[in-house]
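Read the structure below first, then the notes.
All heavy atoms count here, side chains included; hydrogens, waters and symmetry mates do not. Counting starts at 1 for both ligands and their atoms, following the listed order.
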Amino acid sequence: MRVFNFAAGPSTLPLPVLEQAQKELLDYQGTGMSITEMSHRGKPFMAVNQEANALLRELMNIPDNYSVLFVQGGASQQFAAVPLNLLQKGKADYVLTGNFASKAYEEGLKYGDMAVAASSKEDNYTFIPDMKDVKFRDGIDYVHTTYNNTIFGTRYTELPKTDATLVTDMSSCILSEEVDVSKFGLIYAGAKKNIAPAGLTIVIVRKDLLGKALPICPTMLNYAVQDKNDSLYNTPPCFPIYVSLLVFRYLKSLGGVKAMQKINEEKAKMLYDFIDNSSFYTNKVRAKDRSIMNVPFVSPSAELDAKFVAEASKNGLVSLKGHRITGGMRASIYNAMPIEGVVALIDFMKKFELENK
Ligand SMILES: *Cc1c(COP(=O)(O)O)cnc(C)c1O
């Protein structure tokens, strides 16, 4: 039996996508083999690669002067790839809004003069610093932000004020809401949260930023090399790209990102409203900065948190344990989490509260 899976990543996929992948697993469109068993340079896979790229462009309304790259290494690899490709003057500023933002900053320190422009660490990353108040240094190559903070459940609703190239990590929110790509020089996202199985990383980069990588940049991390080779410089993660294509088609059939955003906002609102109206559960994030993808919350005690997670799991609501850094619970309600899953979670929360108050 399928459960409602609230895992932060790898995470739940749409059932119709899994069913199609299952149907095609032994014989991909009459080839007599699966998509993972054939050459990545053969016609069937090349068509998958090309359509996935084109559909992502369509779904995110990506302007023509941007390249879309399918690479490997996860978002964590991009923490190094970004400075290796973008540092010209050798300086960049980072906004620290959580664990992954800090990891990106620490990796960046290996390659240049990096500074923390703002941080919400003092308050356990429960908010996004007000962008209108943040000053960046002169002469920087880029400002790095983390658009949605998966562990702490925050998200940007306002962008930094800067003329420098804006870089953002959208690993846990890509395709969850409409974004104006043209505001960014570079967007990257590990696919394993809101799109596909782990193994694929998406890089959306403005073309004028290509071809300026540092001499020490590994060939595999060089965006210009990946761009020139249509992301087929070496063997790509074929299966995750194929599943991404199925997810993109599915998203399009539902009405695209605009329709998805509406559903996501509705799901998040239901859950936050319930938590805010309860005296038993708490979410500590400043209201305007709340993520619509990851909703952390706690009950009155760590013991009850543990009991909640265990009992929820027995009721088919799994992976609700919060990150080890934060404790408590976290419901990741990505695109593929149906509204019924959130309704079932809220029903369980009500019942648990009555039994444990
Ligand atoms: C999960 C996550 C990462 C790390 O992703 P990997 O693909 O495991 O490297 C980085 N940034 C954010 C915002 C994430 O949610």
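- Only the side chain of Lys192 comes within contact range of ligand 1, with a heavy atom under 4.0 Å; no backbone atom does.
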Run the side chain to side chain donor-acceptor pair (under 3.5 Å) check on Lys307 and Asn356 step by step: do they pass?
CA-CA 10 Å; Lys307 190 175 173 200; Asn356 293 278; 2.5 Å; yes
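- Of all atoms in ligand 1, listed by their number and element, those nearer than 4.0 Å to a heavy atom of Gly74 are 7 (O), 9 (O).
- Regarding atom 15 (O) of ligand 1, its nearest protein heavy-atom neighbour is Thr150 OG1, 2.4 Å.
- Aromatic ring centroids of Phe274 and Phe297 lie 6.0 Å or more apart.
- Below 4.0 Å from some heavy atom of Asp169 lie the following atoms of ligand 1, by number and element: 10 (C), 11 (N), 12 (C), 13 (C).
- Within the listing of ligand 1, atoms 13 (C) sit less than 4.0 angstrom from a heavy atom of Asn148.
- Using cut-offs of 30° and 60° on the angle between ring planes, the pair Phe79 and Tyr188 is perpendicular.
- Between His144 and Tyr142, the two ring planes are perpendicular [angle over 60°; tilted spans 30° to 60°].
- Defined by atom type and a distance below 3.5 Å, a donor-acceptor pair is missing between the side-chain atoms of Thr97 and Ser120.
- Among the atoms of Lys193, some N or O lies under 3.5 angstrom from an N or O of ligand 1.
- Heavy-atom contacts of Ser76 reach the following atoms of ligand 1: 4 (C), 6 (P), 9 (O) (cutoff under 4.0 Å).
- Residue Thr146 has at least one heavy-atom neighbour below 4.0 Å for each of these atoms of ligand 1: 13 (C).
- A heavy-atom distance below 4.5 Å is found between the side chains of Asn149 and Ile128.
- For Thr201, no heavy-atom contact with ligand 1 is shorter than 4.0 Å.
- Heavy-atom proximity to Ala75, at under 4.0 Å, picks out these atoms of ligand 1: 3 (C), 4 (C), 5 (O), 6 (P), 7 (O), 9 (O), 10 (C).
- Inclusion of Gly73 in the set of residues having an N or O under 3.5 Å from an N or O of ligand 1 is not warranted.
- Seen from the ring of Tyr147, Lys183 does not count as a face-on cation partner, given the 6.0 Å and 45° thresholds.
- For the residue pair Thr146/Asp169, the side-chain donor-acceptor check at 3.5 Å is not satisfied.
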